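Here the structure is a predicted model, which is why all the values come from computation and not from measurement. Chain letters run A, B, ... following the sequence lines, proteins first and then strands; every chain starts at 1.
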Protein chains: 2
Amino acid sequence: MNIRDLVYLRAIARHRHFGKAAENCNVSQPTLSVQLQKLEATLGVILIERTKRAAMLTPIGEKVLALAEDALGAVDAIHSITADASDPFSGQFRFGSIPTISPFLVPKVLGVLGEKFPRLELVFRENITERLTEDLLNGDLDAAILATPTETPRLMAIPLYEEPLMVIYPLGHDLASLDDLDVSDLPLDQMILLTEGHCFRDQTVDLCRLQSKMTLSETSVTSLETIISLVAAGQGISIVPALAHSSGWLDRPQIGVKPLRSKTATRQLNLTFRKSSPRRALLEAVAEQMARVLREG
Amino acid sequence: MNIRDLVYLRAIARHRHFGKAAENCNVSQPTLSVQLQKLEATLGVILIERTKRAAMLTPIGEKVLALAEDALGAVDAIHSITADASDPFSGQFRFGSIPTISPFLVPKVLGVLGEKFPRLELVFRENITERLTEDLLNGDLDAAILATPTETPRLMAIPLYEEPLMVIYPLGHDLASLDDLDVSDLPLDQMILLTEGHCFRDQTVDLCRLQSKMTLSETSVTSLETIISLVAAGQGISIVPALAHSSGWLDRPQIGVKPLRSKTATRQLNLTFRKSSPRRALLEAVAEQMARVLREG
DNA sequence: TAATTATGATAGGTTTTGTCTATGAACATT
DNA sequence: AATGTTCATAGACAAAACCTATCATAATTA
């Protein structure tokens, strides 16, 4: 059976006339005759009672027509939702980011994207890199802002921003007197870290292990906010992403902030998504907006 | 768009794999690839995100699939109701008969048809010939038991029974002494007739005008039952169909019954229906049962 | 009653669509 | 690097839909 046949049936039922129905369907009258006969043959039932005066539905034809209208309604609905969705900048856009980025970036990004792509329905989800990657792979997420290069073969990334890292310390700390900080200058035993699972912890730890021989502290907390509070309370020092500074999170009287000199003391923010994603154009446009927000603040 | 394409979409969505879906649909994998691409092209939307690992639905694909399932459900329903209805002795059978037949015939006919055709859903409607003919023509009725030959060109009839006519009179009436009655023997001024619209009135009047010069009475009532009551009360005589007699309606102590001698004093009962009716087999079987009931009582 | 008109069915040929096999390209796994 | 898996592409072939021309039958009109 063909959807076209159901359209023909509907037309014949409405016009009660093969010729007019054919005209309405933009086909010839024999086409309609033949196709309806085929439909009737496949169903094993006479749907239309033919007269020279009027073609009328049989009782079973009425029932079939009612169901055909249901089917055609669903098909029409498919056409209408896909017509809307053929605009690449419409529909849901589900993206995530990691906890060490989202508080500084996402509020602004949501605002800008909402303004630039008003037909886009934005859905945001915060999680650690591992979970976001899973969600990307199984299709629950369209994109994620990550700070780690994509190792998963099915994913790819557009670079957004190379973010410097900053040292924060209590104002009275020895570090306050040094001008140009390097990792080797840091008292690593005083370092407050994020707990396992945060990619930013791994990056910090790698950086320290690479550039300093001092033993790392084992103090760890679950959020940058807690780190900042502890530093403000004079409980240690830490390394935080520059965005935390430019977003005003470090504007506290008890905290000093200094950049790290090393060129490797940065993290690379990327917009990561499936290589197979059919929404490349949208993803690139979104990445461009995000990069602009990051550059221009 | 083709219903088959929706089946393919569903299969790919379920198996998340073109090859397995193709196997499931009994077609080759390229067929599925090509057809899905065509579907996506006509809709202007990517429905499936292809990976070497799994083929997964895009968000719009999910929505389209949901609607496709609706459409396929309706199509399945069409197949299932038509499979049931392909039995010619199933479904609704809507028939009617005129008031001067139905009380004697329909109770028995309903019983017999219900027994012989248990899958048939019988719907009965009593009305005068004119209304029944209208209902036949516009398709609201499948058949009607009428006592008039079909004049309408689009209708045809199967003869059921040639029914004699009987004279009824009050027991003390003059007619009681005559043996073999003819219309010309009847005192037409005492005749009680049915009201206009009943074909049986017309037939009676025609018969009397043809075979007698006496002026007809103008007394008329709306039912045979009233006629019988009036005759029983000694208010006149009448002509009634033989079925009224054989059905026991005339078994009253005050009423005498005699047949009319004339060979034209009969009415022909027919099963009338549209020439174009697609249910010829059923109609003929039904007519046969009705004729049997009429013959065998 | 006969001619005319209207309607749906049928036949034969053309175009469009669907399907197959064979093969290719991209990626994942060994 | 080699192998295997997966979907896409190409070209040939088959099926289906469609069109024009024509027919048969019924309804209408002369």
Side-chain angles (χ1 to χ4, degrees), chain A residues 1-9 11-42 46-58 61 137 150-156 273-278 280, chain B residues 1-9 11-42 46-58 61 137-138 150-156 273-278:
Chain A
M1 191 195 306
N2 200 312
I3 289 170
R4 203 186 297 117
D5 298 335
L6 301 183
V7 174
Y8 292 166
L9 173 65
I12 297 170
R14 285 186 181 165
H15 291 88
R16 305 167 64 85
H17 189 287
F18 280 68
K20 285 171 193 162
E23 194 177 347
N24 184 257
C25 295
N26 297 310
V27 292
S28 70
Q29 169 266 314
T31 298
L32 234 64
S33 276
V34 169
Q35 290 306 112
L36 185 69
Q37 284 177 59
K38 283 187 189 170
L39 179 61
E40 289 178 328
T42 59
I46 300 295
L47 301 172
I48 300 279
E49 188 176 324
R50 283 85 152 170
T51 306
K52 295 292 160 185
R53 179 176 295 260
M56 62 186 161
L57 285 166
T58 60
L137 288 175
T150 41
E151 290 159 15
T152 319
R154 295 164 57 207
L155 298 181
M156 61 170 289
F273 48 86
R274 292 184 299 284
K275 281 180 195 166
S276 58
S277 171
R280 252 316 179 33
Chain B
M1 192 196 303
N2 199 310
I3 288 170
R4 201 187 298 116
D5 298 335
L6 300 182
V7 173
Y8 291 166
L9 172 64
I12 297 170
R14 285 186 181 165
H15 291 90
R16 304 167 65 84
H17 189 286
F18 279 68
K20 285 172 193 162
E23 196 176 345
N24 184 258
C25 295
N26 297 310
V27 293
S28 69
Q29 169 266 315
T31 298
L32 237 64
S33 277
V34 169
Q35 291 306 111
L36 184 69
Q37 282 177 58
K38 283 187 191 170
L39 179 61
E40 289 178 328
T42 59
I46 300 295
L47 301 173
I48 300 280
E49 187 175 323
R50 283 84 153 168
T51 307
K52 297 292 159 185
R53 180 175 295 260
M56 60 186 160
L57 284 167
T58 59
L137 287 175
N138 66 28
T150 42
E151 290 159 17
T152 320
R154 295 165 57 209
L155 298 181
M156 61 169 289
F273 48 84
R274 291 183 300 284
K275 280 180 196 166
S276 58
S277 170

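Atom CD1 of A/Ile12 is separated from atom C1' of C/dA9 by 13 Å (rounded to the nearest Å). Protein atom CG of B/Asp5 is 8 Å distant from nucleotide atom P of C/dT19, rounded to whole Å. Rounded to an integer number of Å, the gap from CD of A/Gln37 to P of D/dA16 is 16 Å. Between the P atom of C/dT16 and the CD atom of A/Gln35 lies a distance of 16 Å, rounded to the nearest Å. In this structure, CZ of B/Arg4 is placed 9 Å from C1' of C/dT17, rounded to the nearest angstrom. Atom-to-atom, NZ of A/Lys20 to P of C/dA6 comes out at 11 Å; the value is rounded to the nearest Å. Rounded to an integer number of Å, the gap from A/Met1 CE to D/dA17 C1' is 17 Å. The interatomic distance linking A/Glu23 (CD) with C/dA6 (P) rounds to 14 Å, in whole Å.
Distance from the side chain of B/Lys38 is smallest to C/dG18 among C/dG18, D/dC7, C/dG8. Of the listed nucleotides (D/dT9, D/dC18, C/dG18), C/dG18 has the atom at the smallest distance from the side chain of B/Asn2. Listed nucleotides D/dC18, C/dT7, D/dC7 differ in distance to A/Thr31; the shortest reach to its side chain belongs to D/dC18.
Between A/Leu57 and A/Ile48, the closest side-chain pair of non-hydrogen atoms falls below 4.5 Å. Side-chain contact between A/Leu137 and A/Arg154 is present, with at least one heavy-atom pair separated by less than 4.5 Å. Residues B/Arg4 and B/Val27 form no side-chain contact, since every pair of their non-hydrogen atoms from C-beta on lies 4.5 Å or further apart. Between A/Glu23 and A/His17 the shortest side-chain heavy-atom distance does not fall below 4.5 Å. Counting heavy atoms from C-beta on, the side chains of A/Arg50 and A/Leu36 come closer than 4.5 Å. In this structure, the side chains of B/Leu39 and B/Asn2 stay at 4.5 Å or more apart for every pair of heavy atoms.
Separating the NZ atom in B/Lys20 from the CZ atom in B/Phe18 is a distance of 13.5 Å, to the nearest 0.5 Å.
Heavy-atom nearest nucleotides on DNA chain C were determined for B/Val34 and for A/Gly19, and the one closer to the 5' end corresponds to A/Gly19.
In this structure, B/Ser33 does not reach the D/dC7 phosphate: none of its side-chain N or O atoms is under 4.0 Å from OP1 or OP2. Within the 4.0 Å cut-off from OP1 or OP2 of D/dT5, not a single side-chain nitrogen or oxygen of B/His17 is found. Of the side-chain N and O atoms in A/Ser28, none sit less than 4.0 angstrom from OP1 or OP2 of D/dC18.
Side chain of A/Gln29 to backbone of A/Ala22: no donor-acceptor contact under 3.5 angstrom is found. Formation of a donor-acceptor pair under 3.5 Å by the A/Gln35 side chain with backbone atoms of A/Asp5 is not found in this model.
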Return the polar atom pairs (N/O with N/O) between nucleotides 2-5 of chain C and the protein under 3.5 Å, or none.
none

Between the protein and nucleotides 23-30 of chain C, which nitrogen or oxygen pairs come in under 3.5 angstrom?
from   : atom 1 : to      : atom 2 : distance (Å)
C/dT29 : OP1    : B/Arg53 : NH2    : 2.9

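With sequence neighbours left out, B/Glu49 forms a side chain to side chain donor-acceptor pair (under 3.5 Å) with A/Arg274, A/Ser276.
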